[in-house]
Structures are given as structure tokens and as C-alpha cells.
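To start, the structure under review is shown below, and the notes come after it.
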Amino acid sequence: MPIDPKDLGRTYDSIVRVNSQSGKGGIAYLLQRDLGVTILRRMQVEFSAIVQKMADSSETALTCTELWELFQRSYLAAARAGGCLVYIGHQLFEDSAGQGIVLQVELPNGQQQRLGGIGNGPIDAAVAALGLPIRVDSYEERSLGGGAGAQAMALVEVAWPGVAGSRFGAGSHANIVIASIQALLVAVSRFEDGGAID
């Protein structure tokens, strides 16, 4: 017999659950409703598969906190450690050809390297600095929280010609340029799984 949550003094929102059968819409809805995080549409498809795999293995419904932790492990943690390129720092400069960047990254062997590039903005300059045949297909910025001290979140979708599918990355920092570079490096590092990066 169907029961209306209103008959029990509840709302529909409070009974949204995420399990192995959940679709991308429900997962995206919870992240938006509870955390204010809106992810790229194609990223929703990929993250949904990650969530379903975890829900299958745990055989339980996931809470919004668990969803956020999984998102951080999948897309944010690699910006700080574990990816094949880890952000250390950067310097921007103006150039007659556009925006210049000197990017300092840590390589998988622990060595640090300085890379330089010029583009039509910080992200394009960072792509040029990496010297890889990649293309940024989507880029969006979000604010996590409100006020002057709010963290910024950048989301990118990167394609590599000749490699199937896109890779997604996220970065979070008070400085949107740093968040954007982190997101780019995460996305590029995720190509390592497919063998595009030697």
C-alpha cells in the first residue's frame, strides 16, 4: 500500500537514498541540495558509476557525507597527492602573446619540474606549459559556501586525441586560478590509467 511521506510528517526530500540502483540525477541532486555542489553533466555519468560500484561493494545506501568523501577521493585528492602531476605552485605574467605561466609540479618520481607556457588565459597557458596534446572541453567554476573566505571549486573535462573518453578533474582552493590548475592536473593524471601518459 503506497504511503505519502506527508502522512507520516516527513517530506520527499528526506527519503532520497543512494544505493547501487541510483541514477546520476539522484546523486547530483543530493550533492546540490546538501552541499551546494553542482557537477558537470557528463561528469555525473562517470561519478554515478563510481557511486554504484561502491554501493554494490558495501551493500548499503550511501549518505550524502559518504558521497562527498567519495567525490573528494575521486576528483579532489589527486590534486594534492597521488596523481602523476601534483600542483606545487605557479606564477602568472603578462606577455605580448597573451597570458604567461610558470607552473611548478611534482612528477611521479618525486622530482619537481618548472614548466612554462603562454595562452589566452591561465588555463590555456597551463595547457601549453604541460606540452601535451590535450583539449579542455568543459570548464566551470563553483563557490563552496558564501562570503569572502569561501572556497572556489573548478571542474574540467579534458580530452586527449586518440584516447577514448574524457577525463574529469576538480580542484578546490580559495584562489580560483589554483583550483583551476589543480583540476586540470587531476584530469590529466587520470589519463595515466588509460596509458596515455608514459
Side-chain angles (χ1 to χ4, degrees), residues 2-6 8-84 87 123 134-147 150-160 163-174 176 178-194 196:
I3 297 174
D4 189 331
K6 292 178 184 175
L8 303 173
R10 310 234 4 221
T11 66
Y12 285 96
D13 287 348
S14 60
I15 61 170
V16 174
R17 295 167 48 101
V18 174
N19 59 32
S20 62
Q21 303 303 311
S22 297
K24 64 184 185 303
I27 293 165
Y29 170 77
L30 285 177
L31 288 174
Q32 168 63 41
R33 183 194 74 185
D34 295 347
L35 301 167
V37 175
T38 305
I39 61 178
L40 301 169
R41 185 163 297 281
R42 286 187 293 273
M43 191 180 203
Q44 292 175 17
V45 175
E46 181 183 89
F47 187 52
S48 173
I50 293 170
V51 169
Q52 288 172 355
K53 184 176 179 181
M54 182 176 178
D56 272 340
S57 65
S58 67
E59 298 182 355
T60 61
L62 304 181
T63 66
C64 195
T65 300
E66 290 170 325
L67 276 180
W68 178 236
E69 288 171 355
L70 184 58
F71 181 87
Q72 289 179 304
R73 282 197 309 270
S74 302
Y75 301 106
L76 285 169
R80 295 169 181 85
C84 75
Y87 172 85
I123 303 305
I134 58 173
R135 181 183 71 240
V136 175
D137 285 348
S138 293
Y139 170 82
E140 292 187 23
E141 298 173 4
R142 308 276 190 261
S143 176
L144 298 177
Q151 290 281 103
M153 178 180 279
L155 303 167
V156 297
E157 176 183 7
V158 174
W160 189 306
V163 178
S166 298
R167 301 297 188 274
F168 299 92
S172 179
H173 196 275
I176 189 59
I178 293 175
S180 301
I181 295 170
Q182 287 177 340
L184 177 66
L185 294 178
V186 169
V188 169
S189 293
R190 294 181 80 227
F191 278 103
E192 185 177 26
D193 297 336

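Just so you know, residue 1 is the first one in the sequence shown, and it goes up from there.
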Handout entry: Spatial distance of atom NZ (K53) from atom OG (S48) [nearest 0.5 Å]
Key = 13.5 Å
Handout entry: D137: salt bridge (Lys or Arg N to Asp or Glu O under 4.0 Å) partners, not counting sequence neighbours
Key = R135
Exercise for the section: May I ask you to decide if the ring planes of Y75 and F71 are parallel, tilted or perpendicular, using 30° and 60° as cut-offs? Expected result: tilted
Problem - N/O donor-acceptor pair under 3.5 Å between Q151 side chain and A174 backbone - result: yes
Problem - Exceeds 12 heavy-atom contacts within 6.0 angstrom, atom CZ of R42 - result: no
Completion exercise
Taking every heavy atom of S166 against every heavy atom of E46, the minimum-distance pair comes out as O-OE2, 4.3 Å
Exercise for the section: Please examine the side chains of W68 and D34, heavy atoms only from C-beta on, and report whether any two atoms are closer than 4.5 Å. Expected result: no
Completion exercise
dist E140:CD -> R41:CZ (nearest 0.5 Å) comes out at 10.0 Å
Problem - Minimal non-hydrogen separation, G171 against A183, with atom names - result: N-CB, 3.5 Å
Fill in the blank from the handout: Rounded to the nearest 0.5 Å, the OG atom of S180 sits from the CD atom of E141 at a distance of 5.5 Å
Practice task
Answer whether the closest heavy-atom distance between the side chains of V186 and L76 falls below 4.5 Å.
Solution key: no
Problem - side chain to side chain contact (heavy atoms under 4.5 Å, CB included) evaluation trace for L184 with I134 - result: CA-CA 10 Å; L184 177 66; I134 58 173; 4.2 Å; yes
Exercise for the section: Please tell me if the side chains of R73 and M54 come closer than 4.5 Å, counting only heavy atoms from C-beta onward. Expected result: yes
Exercise for the section: Look up atom OH in Y87 and atom CD1 in I181, then write down how far apart they are to the nearest 0.5 Å. Expected result: 5.5 Å
Problem - Criterion side chain to side chain contact (heavy atoms under 4.5 Å, CB included) on L70 and F47, from CA distance to verdict - result: CA-CA 9 Å; L70 184 58; F47 187 52; 4.0 Å; yes
Practice task
Measure the spacing between CE of M153 and NE2 of H173 and express it to the nearest 0.5 Å.
Solution key: 13.5 Å
Exercise for the section: Measure the shortest side-chain to side-chain distance between F168 and I39 over non-hydrogen atoms and say whether it is less than 4.5 angstrom. Expected result: no
Exercise for the section: Hey, could you give me the CD/CG distance between E66 and L30, rounded to the nearest 0.5 Å? Expected result: 12.0 Å
Completion exercise
In short, G165 meets F191 closest at the heavy-atom pair O-CE2, 4.4 Å
Handout entry: Main-chain N/O of G169 paired to R190 side chain as donor or acceptor, under 3.5 Å
Key = no
Exercise for the section: Work out which heavy atom in L155 is nearest to a heavy atom in T38; give both atom names and the distance. Expected result: CD1-O, 3.4 Å
Fill in the blank from the handout: For A152 and I176, the nearest pair of non-hydrogen atoms, with its separation, is CB-CD1, 3.6 Å
Problem - Heavy-atom closest contact (R142 atom, L40 atom, distance) - result: NH2-N, 4.5 Å
